[in-house]
Amino acid sequence: MNPDSGTLERNRLWARLNDAVAAHAEPLPTPLMVVDLDAFDANADDLVRRAGGTPIRVASKSVRVPALLSRVLAREGFQGVLGYTLAEALWLEEHGVCDDIVVAYPTVDRGALARLVASPSAAAHITLMVDQVAHLDVVDSVRASQAVPVRVAIDVDAGLRMGRQHVGPKRSPLYDAGDVVLLAKEIESRHGFRLVGAMTYEGQVAGVQDEVPSQRARSAVVRRIKALSMTQLEVRRREVAEALRAAGVTLEFWNAGGTGSVEATVADAVVTEVAAGSGLLAPTLFDHYQSFAARPAAYFALPVTRRPSPDIATVHGGGLVASGPAGKDRLPTPWAPAGLHLTGLEGAGEVQTPLTGHPAALLEVGDLVWFRHAKSGEPFEHTNTVQLLAGSRFTEEVPTYRGHGLAF
Ligand SMILES: Cc1ncc(COP(=O)(O)O)c(C=O)c1O
């Protein structure tokens with residue numbers, strides 16, 4: 001379903017989701033988390049199409065449900081996990097979910113590092129991200145011997161430089177080829193490390209909407225910045241790759257990009273794999289990109305529990321607010337039935353959420369309202385399980401990371 005599709009389609013969705021709840025053998029608790037597998041699979045196919053043959057490494061922070069990671073990894077076109085903590089990577093490796101995990105952010109988790117260096121299998125299947133010598137030192141601080149080599153990749157800043165301005169995520173301090181080669185040489189000179197990869201995440205392209213109907217002028221500026229970014233980055237990626245080659249470094253992979261940049265990222269010959277996660281579930285912050293239209297695949301239901309006035313329906317729960325700069329776009333969106341709105345005064349409440357808009361008058365105590373979250377993986381931190389939907393039936397209930405007792 002197109003995110004902007006009209007009232008009719010959203011009301012059909014409401015009926016379909018409610019049918020699935022009604023057909024379920026037992027009453028289902030709320031918040032009720034649902035993933036529509038038809039939409040999820042269609043989105044996976046579309047990411048593969050957009051990647052044009054370049055393997056996609058699934059960004060697990062944007063999924064956080066092991067069964068869904070396994071589902072997508074079983075598809076052709078997806079290869080490996082881009083994880084977000086080492087403890088997560090160890091769990092995925094130990095449980096056979098994946099044998100090729102790149103942890104996308106540096107770690108100082110000494111307990112997890114001690115487990116990594118104690119397991120030749122884990123160390124062979126997991127790659128750590130580094131961007132300074134301190135990240136190597138912390139690995140050495142947990143081991144007495146360098147017998148088990150630790151795989152590392154270098155994170156290179158992928159921001160746009162315009163004069164003294166930097167546009168893009170503030171991550172790695174490494175920008176120029178010279179900086180990267182210095183760290184690469186340090187890694188190669190130290191026993192117990194293997195430099196196997198590089199990463200350049202162009203978040204200012206991959207993670208910023210560029211066709212927002214209510215922000216046409218701003219979107220035009222964003223598209224211009226994205227084009228400039230990719231042109232500048234292509235040159236710098238080539239320079240860094242050539243400098244590494246000249247220094248005698250051979251890499252297994254070069255990871256880059258995200259859901260919003262797939263086709264632009266894979267166009268760069270230096271890149272060997274593209275990362276993507278949010279495009280599978282299509283939260284509201286991914287509704288407005290020029291290059292693709294994903295189908296919403298994740299919903300959560302909250303029940304109407306009271307009617308404070310004839311034109312307000314109040315649901316129980318609601319405050320599943322997304323991370324990032326606080327603003328209205330981080331709030332969950334009442335999606336089905338169509339036409340409901342949060343109120344300015346209470347927003348998405350801690351325990352209850354009043355909703356206005358014309359369908360509110362028609363809702364009765366016990367009816368379900370279906371919401372979409374602003375981000376992709378975060379809603380699954382609020383429930384232990386997810387119902388998987390095929391057509392208008394729930395086919396399976398699977399645990400989230402939280403349901404496995406995991407908090408990463
Ligand atoms: C290093 C890295 N790569 C890729 C992504 C893209 O993930 P997604 O496709 O979920 O936007 C992210 C998201 O923040 C990231 O941090």
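Reckoned from all heavy atoms, side chains included, excluding hydrogens, waters and symmetry mates. When a ligand or atom number is given, it counts from 1 through the structure's own listing order. These numbers were taken from a predicted model, which means no experiment stands behind them.
In this structure, atom 11 (O) of ligand 1 lies nearest to the protein heavy atom S278 OG, 3.4 Å. For atom 15 (C) of ligand 1, the nearest non-hydrogen atom of the protein is Y105 OH, 3.4 Å. The single protein non-hydrogen atom nearest to atom 9 (O) of ligand 1 is T259 OG1, 2.6 Å, given as residue, atom name and distance. Of all protein heavy atoms, the one lying nearest to atom 4 (C) of ligand 1 is G257 O, 3.2 Å. Scanning all protein heavy atoms for the shortest distance to atom 13 (C) of ligand 1 gives K61 CE, 3.1 Å. For atom 12 (C) of ligand 1, the closest non-hydrogen atom on the protein side is Y201 CZ, 3.4 Å. Annotation: atom 6 (C) of ligand 1 to nearest protein heavy atom, G258 CA, 3.7 Å. The shortest contact between atom 7 (O) of ligand 1 and any protein heavy atom is with A59 CB, 3.8 Å.
Heavy-atom neighbours of R330 CZ from other residues, nucleotides or ligands within 6.0 Å: above the threshold of 12.
One finds the CZ atom of R57 at 9.5 Å from the CG atom of L73 (value rounded to the nearest 0.5 Å). Taken from CG in L340 to CD1 in I312, the straight-line distance is 11.5 Å, to the nearest 0.5 Å.
Remark: of the listed residues P332, S376, S62, S376 is the sole one forming a side-chain contact (heavy atoms from CB on, under 4.5 Å) with P283.
The shell of residues lying under 4.0 angstrom from ligand 1, judged by heavy atoms, excludes P169. Within the structure, ligand 1 lacks Y84 among the residues with a heavy atom less than 4.0 angstrom away. Using a 4.0 Å cutoff on heavy atoms, A276 counts as a contact of ligand 1.
Interface of M199 with ligand 1, defined as ligand atoms under 4.0 Å from a residue heavy atom, comprises 1 (C). Which parts of ligand 1 touch L82 is read off a 4.0 Å heavy-atom cut-off, strictly below it: atoms 2 (C), 3 (N), 4 (C). The distance from ligand 1 to the heavy atoms of A275 drops below 4.0 Å at these ligand atoms: 4 (C). Taking a cut-off of under 4.0 Å to the non-hydrogen atoms of G277, the atoms of ligand 1 that pass are 8 (P), 9 (O), 10 (O).
Under a 3.5 Å cut-off, the side chain of W14 and the backbone N or O of L368 do form a donor-acceptor pair.
By heavy-atom distance, the residue among R57, K375, E202, R171 lying nearest atom 1 (C) of ligand 1 is R171.
The aromatic rings of H166 and Y175 lie perpendicular to each other, with more than 60° between the two planes, well past the 30° mark. Ring orientation note: the planes of F286 and F292 are tilted relative to one another, at an angle of 30° to 60°. Between W91 and Y401, the ring planes lie perpendicular to each other; the angle is over 60°, past the 30° to 60° tilted range.
One side chain, T385 or E397, offers a donor N or O that lies under 3.5 Å from an acceptor on the other. With no hydrogens or angles considered, no side-chain donor-acceptor pair links E202 and S229 at under 3.5 Å.
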